[in-house]
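The structure appears below as structure tokens.
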Amino acid sequence: MRSVAEKRVPHDFPPTTPELDALVKETISRVADKWTMLLIEVLTEKGDCRFTQLARECSGISQKMLTQTLRAMERDGLVTRTVFPVIPPKVVYALTDLGLGLSKAFCGVWIWAQDNQATIAKARNAFDARQIEDNSAGTTAKS
């Protein structure tokens with residue numbers, strides 16, 4: 001029997017460890033948050049941005065949520081926060097190399113979605129049709 005450290009995943013990916021598993025889960029949790037992904041997208045497309053520009057680009061985000069998300073991203077090393085000593089203070093956020101790497105990695109999700117858009121739509125339509133049939137059959141059986 002293999003130890004946890006020797007656990008293998010499909011497609012012969014390298015062995016994993018509990019520490020790596022935890023990091024992956026934390027990272028997915030962080031970037032699965034819609035605001036983090038949106039901020040990564042904005043910073044990738046626009047480059048360095050001020051807080052107010054990020055707030056404008058991320059329609060619907062509250063100031064508190066924007067602050068919390070940027071702090072979490074900064075803590076994870078995804079963005080840098082640069083304060084310029086001017087009056088009023090100027091603060092600029094930028095993706096780090098780590099953040100840009102994550103942006104590139106998630107670009108693969110968009111490519112996958114584009115490549116599989118028709119197949120996913122077909123699967124969803126088939127599922128929805130089965131649900132309607134099942135619901136109709138259930139209603140008929142109760143009558």
Same apolar cluster: [X] and [Y], side chain cutoff 4.5 Å:
| X | Y | value |
| --- | --- | --- |
| Met73 | Val91 | yes |
| Leu95 | Leu66 | yes |
| Leu23 | Leu78 | no |
| Val83 | Tyr93 | yes |
| Phe51 | Val42 | yes |

Spacing of [X] atom [atom1] and [Y] atom [atom2] [to the nearest 0.5 Å]:
| X | Y | atom1 | atom2 | value |
| --- | --- | --- | --- | --- |
| Cys49 | Arg56 | SG | CZ | 9.0 Å |
| Cys107 | Glu41 | SG | CD | 10.0 Å |
| Arg124 | Thr119 | CZ | OG1 | 12.0 Å |
| Trp35 | Leu70 | CH2 | CG | 12.0 Å |
| Glu57 | Thr52 | CD | OG1 | 10.5 Å |

Would Ile40 and Phe106 satisfy side chain to side chain contact (heavy atoms under 4.5 Å, CB included), going step by step from the backbone distance to the final call? CA-CA 10 Å; Ile40 287 174; Phe106 274 91; over 6 Å; no
Set out, in order, the CA-CA distance, both residues' side-chain angles and the distance that settles side chain to side chain contact (heavy atoms under 4.5 Å, CB included) for Val79 and Arg81, then state yes or no. CA-CA 7 Å; Val79 297; Arg81 178 179 183 269; over 6 Å; no
Do Ile120 and Trp112 come close enough that some side-chain heavy atom pair is under 4.5 Å? yes
Sidechain-backbone polar pair: Ser103 side chain, Gly99 backbone, donor-acceptor under 3.5 Å: no
Given Leu54, which of Thr69, Leu39, Leu38 fulfils the side-chain contact (heavy atoms from CB on, under 4.5 Å) condition? Leu39
Give the minimum heavy-atom separation between Ala94 and Asp48, together with the two atoms involved. CB-OD1, 3.1 Å
Minimum heavy-atom distance between Asp33 and Thr36, given as atom pair plus value: OD1-N, 3.0 Å
If you count the non-hydrogen atoms of other residues, nucleotides and ligands that lie under 6.0 Å from [atom1] in [X], is the total more than 12?
| X | atom1 | answer |
| --- | --- | --- |
| Gln131 | CD | yes |
| Asp97 | CG | no |
| Phe84 | CZ | yes |

